[in-house]
Amino acid sequence: MKYIDVKDVSLTLNGQAILSHVSCSFDKGQITTIIGPNGGGKTSLVKLILGIYKPSSGRIVTKKHLKIGYMPQRFQVDPVLPMTVRRFLTHPADLAPLNADYLIDYDMASLSGGEMQRVLLAYALQNNPDVLILDEPTGGLDVTGEQTLYAHVLDYQRQTGCCLIMVSHDLHFVMKQTDQVLCVNHHICCSGAPETVSAHSHYQALFGDQAPYVHHHDHTHERKEHA
Amino acid sequence: MPDFLINALWASLGVALLAGPIGCLMVFNRVACLGDTLAHGAILGLSLGLMMHMEPMLTLAVVTVAWVGLLGFLNKDGTVSTDSAMAFLTHSSLAVSIVLFTFVPVGASNLMEAFIGNILTVGREDIFLIYAMDGVFGVILLWGWKKWILIAVHPDLAAAQNMNVPFLRMLFLMMIGLFIAFSIKMMGALLVPAFLIIPALAARPFAKTPEQMAFGAGLLAILSAIAGLFASYEWDTPSGPMMVCTAVAFYGVLMIFKQMLRIKRLSCFKRNQKETS
């Protein structure tokens with residue numbers, strides 16, 4: 001049985017159709033990237049998977065006893081709430097690999113965007129999740145911070161073989177590291193291995209200009225063929 | 001000490017015991033004004049009870065809980081914000097209850113007592129009721145505290161951990177409603193909300209974690225209750241307002257203390273800079 005199976009799911013919020021007839025699945029060891037335009041329903045799809053939203057129709061079957069780590073889109077902690085990073089995290093030691101252990105006694109409300117992202121990633125990772133869901137994890141990070149974060153996430157994925165689901169605008173990363181790409185714009189306009197998706201007309205229409213040329217020499221699927 | 005004062009002391013301690021942590025949760029979730037809304041709903045419930053010759057505590061609790069539901073209904077789709085919905089309920093229940101009180105014999109004195117309470121008429125049953133409430137709500141608070149704090153950080157983080165956020169929110173609001181309903185006799189509808197919020201605000205600058213803040217607020221609430229009660233006995237002033245005044249005084253003193261600490265730290269910093277340069 002797959003970890004997460006989304007079966008013909010539609011979502012309507014306050015009378016607005018957000019997603020219609022979405023089917024996709026996520027499994028152990030698989031890296032999925034969800035791309036698509038703003039307001040296309042990427043975050044809604046993630047929230048459906050997490051059970052934060054209930055589908056208006058269709059259903060989502062999740063394997064029992066899965067531990068899920070979730071990093072929501074960047075947000076600010078309200079300064080009315082006193083909360084140190086140490087109090088927020090169960091295992092503050094998780095900050096070290098992200099070069100963020102200096103944040104330990106900081107107040108959550110005083111963190112910058114990039115610092116917040118690293119604390120949130122440490123939070124998502126703290127129970128050794130089987131499924132790691134990251135919603136635009138590199139928002140607010142500079143190039144180095146972005147690379148450190150991706151490297152850490154991929155390290156964790158490689159070590160544990162967890163199922164990794166990411167919402168990302170970073171097409172370069174998408175094409176290089178991902179097993180499955182879902183392009184979401186109220187429905188799934190195209191999906192599959194990165195090279196299939198990038199050749200797809202819908203993808204071209206959405207990302208045509210900015211889609212980077214990618215040479216596939218380091219892709220796992222190709223490596224398998226050579227072996 | 002006279003009997004009525006001992007009763008009053010036990011009753012106000014019972015109210016103060018949970019006012020700290022509940023008030024903190026209200027501040028964290030930005031529903032500080034909700035206390036007023038529910039208290040005004042409670043006055044409406046009281047006037048309905050007196051008018052229809054029903055047990056006022058019952059009608060009061062029913063209307064307060066109903067107001068929590070109504071509030072959720074009013075801002076269901078987000079086009080009416082929570083604060084507007086709260087204002088609407090506050091003002092409408094106040095207007096309706098004042099009109100209703102004119103149909104109640106000796107309505108005016110009833111109305112005044114509903115607004116500012118009368119802790120000196122508290123009997124043994126009232127005290128028993130308050131501590132029973134403390135017991136139940138204490139257990140609920142211990143069970144739900146971490147969950148409510150996580151919701152205050154970000155509701156999605158809580159929902160992703162299989163917490164039923166709408167249910168937890170509703171439970172929390174119901175708890176505030178019932179807390180206010182049960183405390184009105186001691187402190188009055190206009191003052192219970194103040195007693196929830198002011199100690200929490202006074203504790204905020206000294207707290208690094210929500211737990212520290214709840215502890216500090218609880219301590220301040222208890223001190224304000226005791227000091228306020230004795231001050232009201234000494235100077236023959238109404239007890240509910242006196243307790244709130246004491247809490248305000250604590251707030252003022254702590255703010256000044258905090259400012260002085262900051263100035264001292266700043267001057268130390270400047271002196272160090274001079275010495276190094």
Side-chain angles (χ1 to χ4, degrees), chain A residues 12-16 43-44 46-54 62 64-90 104-111 116 119-124 126-127 129 131-136 165 167, chain B residues 20-21 23-34 75-80 82 145-169 196-217 254 258:
Chain A
T12 309
L13 288 178
N14 295 330
Q16 258 195 314
T43 297
S44 298
V46 163
K47 288 189 177 181
L48 279 165
I49 295 168
L50 287 161
I52 296 173
Y53 291 157
K54 301 282 168 251
T62 311
K64 285 204 175 83
H65 309 301
L66 275 185
K67 276 186 291 181
I68 295 182
Y70 169 50
M71 175 176 169
Q73 244 174 56
R74 199 169 126 200
F75 67 90
Q76 286 281 318
V77 173
D78 200 329
V80 298
L81 180 71
M83 175 71 82
T84 55
V85 173
R86 187 192 296 278
R87 158 67 178 80
F88 180 62
L89 297 174
T90 327
I104 192 84
D105 286 315
Y106 277 42
D107 203 71
M108 292 278 286
S110 72
L111 299 183
M116 187 68 183
V119 170
L120 286 177
L121 179 62
Y123 183 85
Q126 65 184 351
N127 293 319
V131 181
L132 183 58
I133 302 181
L134 314 175
D135 195 346
E136 295 189 18
I165 303 171
V167 174
Chain B
C24 286
L25 285 176
M26 289 170 73
V27 170
F28 296 157
N29 287 291
R30 294 192 166 252
V31 288
C33 291
L34 179 75
N75 74 346
K76 198 171 183 215
D77 65 354
T79 52
V80 176
T82 313
W145 179 261
K146 290 216 156 167
K147 301 182 175 70
W148 281 312
I149 295 298
L150 190 60
I151 291 175
V153 173
H154 195 311
D156 286 349
L157 285 177
Q161 290 180 24
N162 286 327
M163 292 176 196
N164 189 338
V165 176
F167 167 77
L168 282 164
R169 273 208 178 116
L196 285 165
I197 300 304
I198 295 169
L201 295 182
R204 173 65 186 96
F206 301 93
K208 283 202 166 300
T209 64
E211 290 73 27
Q212 285 173 7
M213 183 160 149
F215 184 79
L254 286 171
K258 184 77 187 175

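Order of the sequence lines sets the chain letters (A, B, ...), proteins ahead of strands, with each chain counted from 1.
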Applying a strict 4.5 Å limit to non-hydrogen atoms, the region of A:Lys47 in contact with chain B is side chain

Less than 4.5 Å to any heavy atom of chain A: does that hold for the side chain of B:Glu211, its backbone, both, or neither?
side chain

Please rank A:Ile52, A:Asp105, A:Ile68 by heavy-atom pairs under 4.5 Å with chain B and give me the top one.
A:Ile52

For A:Asn127, which residues count as a side chain to side chain donor-acceptor pair (under 3.5 Å) partner, sequence neighbours excluded?
none

Side chain from CB out, backbone as N, CA, C, O: work out which of these in A:Pro79 comes under 4.5 Å of a heavy atom of chain B, or both, or neither.
backbone

So which bits of residues 156-166 of chain B come within less than 4.5 Å of chain A, counting non-hydrogen atoms only?
B:Asp156, B:Leu157, B:Ala159, B:Ala160, B:Gln161

To the nearest 0.5 angstrom, please state how far the NE2 atom of B:His154 sits from the CG atom of A:Leu120.
8.5 Å

Closest contact, heavy atoms only, A:Val77 versus B:Val153:
CG2-CG1, 4.2 Å

Atom pair CZ/CD1 of A:Phe88 and B:Ile149 - distance to nearest 0.5 Å
12.0 Å

Could you tell me which portion of B:Leu201 (side chain, backbone, both or neither) has an atom closer than 4.5 angstrom to a non-hydrogen atom of chain A?
neither

Around atom CZ of A:Arg87, are there more than 12 heavy atoms from other residues, nucleotides or ligands closer than 6.0 Å?
yes

Should we say atom NZ of B:Lys258 is surrounded by more than 12 heavy atoms from elsewhere, each under 6.0 Å from it?
yes

Going through the checks in order, is the salt bridge (Lys or Arg N to Asp or Glu O under 4.0 Å) test met by A:Asp107 and B:Lys208?
CA-CA 8 Å; A:Asp107 203 71; B:Lys208 283 202 166 300; 5.9 Å; no

Closest non-hydrogen contact found for B:Pro210 with A:Pro82 is CD-O, 2.8 Å

Side chain, backbone, both or neither of A:Phe75 within contact of chain B (heavy atoms, under 4.5 Å):
side chain

